[in-house]
Structure formats: structure tokens, C-alpha cells
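Working notes for the structure below.
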Number of protein chains: 2
Amino acid sequence: MSGPAKGAVSKSRQQSRDADATKARILDAAEEEFARNGLLGARTEDIAAKTGVTKAMIYYYYHSKENLYQAVLERALVSRIRQAQEINIDSLGALEALKTLVIQIVDNSSKNTNLPKIMLYEAIQNKGKYYKEVGAVSWYGVLIKILERGMATKVFRKLDPTHTAVNIVGLCVFYFCARENIKHLWPGQNLLGEEMLEQHKQDALDFIVAGVRA
Amino acid sequence: MSGPAKGAVSKSRQQSRDADATKARILDAAEEEFARNGLLGARTEDIAAKTGVTKAMIYYYYHSKENLYQAVLERALVSRIRQAQEINIDSLGALEALKTLVIQIVDNSSKNTNLPKIMLYEAIQNKGKYYKEVGAVSWYGVLIKILERGMATKVFRKLDPTHTAVNIVGLCVFYFCARENIKHLWPGQNLLGEEMLEQHKQDALDFIVAGVRA
DNA sequence: GTCTATAACCTGATAGAC
DNA sequence: GTCTATCAGGTTATAGAC
């Protein structure tokens, strides 16, 4: 705290011994490991190996595996929540706002397949213990508001906004979460390839729009 | 192998020492444990405790944890696949057949929440290694056939049957898999209570029917 | 068929040198 | 800040008595 200012990086080179860089690299590796195996199954040894440091560094920076897990969750969720909240329902209208959010979900899930998996692990393995603490529920608030707006303006049919919000998310992310199971339905295809992703996005959009429209 | 025939259970009492009963009880306990923690995270000690026998019995009957896991998967899936294949698309028509299958999914998922979780663990943790071996893909064949029939008879809109099938399943089961995360959306409500389940079933049905109809 | 005991291994976390 | 070494606890799987 009383050392040289963070911004003043005047030393010639410091490939190693860079706290912030190391912390970020640990977070990246941890996110992938937690997505693969969950909080319980994740191995700190593997996270360290993927980061390129030793296990001790993880405990030096994050004190415990659980603590590291929460840091991963928070970093991943905060940006998504903000992104969703930036959608302007008033200017877009309910239908366009819904489409925008659905595209956000699908694009984020394909650009980084870790978060959907982590969220499901969180639900099944940890019973949502850390989910609430991060305020992830507020993300659903955006979607629910869009659905309510659509009902009010008669663009959407009469529906239960909360249940429908959950169902929409399930429709969007199941493709990514169950990917390794359902891949046999498309032999020889890469489910994360450009054409398949575009197809999923379009099919999800069509389905959802048809499903909620008045 | 050369002992008394299996059917001839003439001994007075055998509350313990009943191979078939013990094996079945182990399978029940294992299914729950695998649903909670996946193949990797499941503890044979816990399965034994829940069964009421010792850990050694599990290895006596199933040889390994992996073997037990496959037995659980097979037992759970075979009945579901048969149940789905019994739907008569010709006599019901595409729309009614679809509704019937959706109700099967939701009812099965609420009567036994283990299978959806195990399937997701299987995909994420095991990369679908055991999924294919059990022939689970054939379950999707039923749903895909229903969707194709509906398109042919102009009851359903033009859609990609495979993608839509996956999306329908996701819409149905996400509610159960993410339950512990999304429960905060309904404070004080039991998501597996009768009213909530009925609501989810109806919302899923309405959404899906509206989403695929011509 | 069921149990007890134990082998062989792995993992989270810490201490202490540099 | 980063590493090596290590402990304490827990896990799969087996051997052998009953």
C-alpha cells in the first residue's frame, strides 16, 4: 500500500513478478477449471499448472479455493449484468429489446462457454450458495421487465414473465451446456463452428419470438 | 453359479443377504449421489451409507465406481426411451404427440430430478463419454420425428427439427437443473411444489406450442 | 454376502527459503 | 512474489475374516 504507485511501472522488464498480471492469469485458468469440474472437482494444482505458476501462488493471492471461485464468479457475472442493463427497453420496444438480449446470451455463451457451465455447477453442486451473493438474480430482472413491457404494449401474449424468462434462458444455453451429449445428433459437425452457431442463434430467436408474440 | 436357483427363495427370512434387493438399493442411492456430485465428485462411502451397507459391497457387486455409474445411467435412460417410443405419432397427430412428449419430460423431471442433473454432469464433466454408449441419442429421434411430421402436415411452421428438438428439451429441463440458482426469483416458493410444477408445465407447453405452430 | 482393516494414492493448505 | 517441501485429511479399491 505504501510502495511505489501501481501505474508507475518503470522497471525495465518484469515478465514474472507482476502481481496484477499473475492474478488475472490465475483467474482465467481458474474459470476454465471451474467450468470443467465445478468448485468441488476443480484441482488447484491444475489451475496453477495452466497459469504457469505454482500452487502456492494461488493461496498467496486468493487465500482459498472457495475464495478464488467467488472471484471468478464475480468477474464473469458483473460484466454480463451491466451489459444486459444497458439495453434501453423504451427506445427499442419490447420485441427488439428481447431479441437484443437473446443475442447477448447466445453470443456470450459461444464466445466463452465457461459461464453457463459454471452456473449449472453452482446450482447443482453448491445449491446456489454463491449465486445469490453475487447478485446474479438481478440479471433476470432485465428479461422479466422486457416481457412485462411486451405484455403491456400488447406485443406479447399473456404469459407469466418469471417462468417465461427462465424458459427462454434454458432454451438459449442448453445447447452449450449439453453440447458434448447432443453432439452425436450432428455427426461430423463442430457445434461451436460458425455455421452451427449461426443456426442455433437464428433457431432460438425464431422460436422465442414465435413463442411470446401476441 | 451352481448354488440354489435365484427364483427358489425358500429360506425363512433374509432381510439382509438378498443380492437383488441390495443391488437395487445401491443403484437408488448411487443415482442420487451421482446427481448431486457427478461421477468424479460422487463418494462411494456416501453411496454405501445411504444404501445401508458397507463400501465393500459396492465393489463386490459393481467392481468399480465407473461401472456403477454406467449401470445407473442405463437403468434411468432405458425406461425413458421406451416410454417416448410408445407415443403413437400417427394416431395422435404431431401437435398432440408433441404435447404428450413435453408432458413426459416435465413429469419425469419433477418425479425424479436426478436424471436431468446426471445428464448435464455427463456432458460437462465426462464429455458425453457414457452418453452415447447407452444410446440416449435415440430418445431425440422421437422428438425429431414428431417435429418433421408436424412440418409435413403443415401443423408446424418451417423449422430445423434437430435444433428445435434440443431447444425444446432445454426449455423443459432448465427449470429443474438451475433450480437452486433461480429459486430466488420466487421468494418463499417451493419450486417442486404442486402449484409451481403445474405452472411450469403449462408455461412450457404454451411456449412450445406457440413457438412451433404454423 | 457382508463386514473390518488397510494399502496406495491424491488434494487442499501452510511453512519457510530465496 | 515466487518457489520447494511437507503435513493432515480424505478417497478408491482390495484382502481376508466371518
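Naming convention: chains lettered A, B, ... in sequence-line order (proteins, then strands); numbering from 1 in each chain.
- Using a 4.0 Å cut-off between a side-chain N of Lys or Arg and a carboxylate O of Asp or Glu, B:Asp28 and B:Lys50 do not qualify as a salt bridge.
- Within 4.0 Å (heavy atoms only), B:Ala48 reaches no atom of the nucleic acid at all.
- For B:His184, the NE2 atom sits in a packed shell: over 12 heavy atoms of surrounding residues, nucleotides or ligands are nearer than 6.0 Å.
- Within the 4.0 Å cut-off from OP1 or OP2 of C:dT2, not a single side-chain nitrogen or oxygen of B:Thr54 is found.
- The side chain of A:Thr44 lies closest to C:dG12, out of C:dA15, C:dT4, C:dG12.
- In this structure, OH of A:Tyr60 is placed 15 Å from P of C:dA15, rounded to the nearest angstrom.
- Contact annotation for B:Ala56: base contact, defined as any heavy-atom pair under 4.0 Å involving a base atom.
- Regarding B:Arg43, its CZ atom lies at a distance of 17 Å from the P atom of D:dG9, rounded to whole Å.
- Across the interface with DNA chain C, nearest-nucleotide mapping of B:Met57 and A:Lys65 shows B:Met57 to be the residue nearer the 5′ end.
- In this structure, the OH atom of A:Tyr62 is 17 Å from the P atom of C:dG12, given to the nearest Å.
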Carefully, step by step, assess A:Leu98 and A:Ile168 under the rule side chain to side chain contact (heavy atoms under 4.5 Å, CB included).
CA-CA 10 Å; A:Leu98 177 61; A:Ile168 286 173; 4.1 Å; yes
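- One interatomic measurement links the two molecules: CG of A:Asn37 to P of C:dT11, which rounds to 10 Å at whole-angstrom precision.
- Annotation: of the two residues near DNA chain D, A:Tyr61 and A:Lys55, the 5′-most nearest-nucleotide partner is A:Tyr61.
- Residue B:Ile26 contributes atom CD1, which lies 12 Å from atom P of C:dG1 at whole-angstrom precision.
- One interatomic measurement links the two molecules: CG of B:Leu39 to P of D:dT12, which rounds to 10 Å at whole-angstrom precision.
- Nearest heavy-atom pair across B:Leu73 and B:Tyr131 is CD2-N, 4.4 Å.
- Considering B:Trp186, B:Phe176, B:Phe207 as possible partners of B:His200, the one that fulfils the ring pair (Phe, Tyr, Trp, His ring centres under 6.0 Å) test is B:Phe176.
- Phosphate proximity of C:dT2 to B:Thr22: present, with a side-chain N or O under 4.0 Å from OP1 or OP2.
- A:Tyr59 places its OH atom 13 Å from the P atom of C:dA15, with the value rounded to the nearest Å.
- If you take CD1 of B:Ile47 and P of D:dA13, they are 11 Å apart, rounded to a whole angstrom.
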